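Since the model is a prediction, treat every value here as computed from it, not as a measurement.
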Amino acid sequence: MQKIFFEIQIDAPSEKVWDVLWSDITYRQWTTAFTEGSFYQGTFEEGSIMKFFDPNNNGMYSRVEKNIPHKEVKFLHLGEIYDGVETPQDWGEATEAYVLEETEIGTILKIEIQTPEEFKEFFEEKFPTALGIVKNLSENQL
């Protein structure tokens with residue numbers, strides 16, 4: 001399992017950054033960095049299952065491990081979805097956490113990912129672009 005960290009300063013309050021991350025319209029915008037047409041289904045209630053899809057309805061499903069609105073959300077990735085069929089994966093503690101820390105000038109968004117080696121390069125390539133989009137949307141939609 002590989003640990004990867006990303007961090008970006010955003011000149012907007014944490015509530016705004018949170019809304020950009022998890023509101024349906026803006027989620028679809030910033031996740032184009034990974035796959036054009038990405039969307040999710042589910043709620044952010046702790047213990048609930050979230051499904052993350054590409055436009056062909058393939059993707060992954062995860063359990064919400066932690067949700068403190070405007071501060072932190074953490075997902076445990078459980079498996080893949082192909083043609084609507086959920087297939088559990090033995091990824092161990094494959095997690096993705098989003099932590100928002102308020103500062104005097106805005107918010108520091110920190111991402112911590114534990115991922116199998118096979119996905120590390122993908123995240124390292126795509127996440128900086130995604131965070132740039134989150135920053136732009138957060139700062140320009142005040």
Using a 4.5 Å cut-off on heavy atoms from C-beta on, say whether the side chain of Trp18 contacts that of Ser138.
no
Hey, is OH on Tyr82 packed in by over 12 heavy atoms from elsewhere, all under 6.0 Å?
no
Are Val64 and Glu45 close enough that some pair of their side-chain heavy atoms sits under 4.5 Å apart?
no
Would you please classify the geometry between the Tyr98 ring and the Phe127 ring as parallel, tilted or perpendicular, with 30° and 60° separating the classes?
tilted
Between the main-chain N or O of Gln9 and the side-chain N or O of Lys135, is there a donor-acceptor pair closer than 3.5 Å?
yes
With a 3.5 Å distance limit and no angle check, can you tell me whether Asp54 reaches the backbone of Asn56 through a side-chain donor-acceptor pair?
yes
Among Glu117, Glu124, Glu118, exactly one meets side chain to side chain donor-acceptor pair (under 3.5 Å) together with Gln2. Which residue is that?
Glu117
With the 4.5 Å side-chain cut-off for hydrophobic clustering, are Val73 and Leu78 part of the same group?
no
Centroid-centroid distance, Phe75 to Trp91, less than 6.0 Å:
no
Check the surroundings of atom CG in Asp83: do more than 12 heavy atoms from other residues, nucleotides or ligands lie under 6.0 Å from it?
no
How close do Ser38 and Pro55 get, counting heavy atoms only, and between which atoms?
N-CD, 4.5 Å
Neighbour count above 12 (heavy atom, 6.0 Å) for Glu121 CD:
no
Result for side chain to side chain contact (heavy atoms under 4.5 Å, CB included) between Leu137 and one of Asp19, Val17, Thr26 points to Thr26
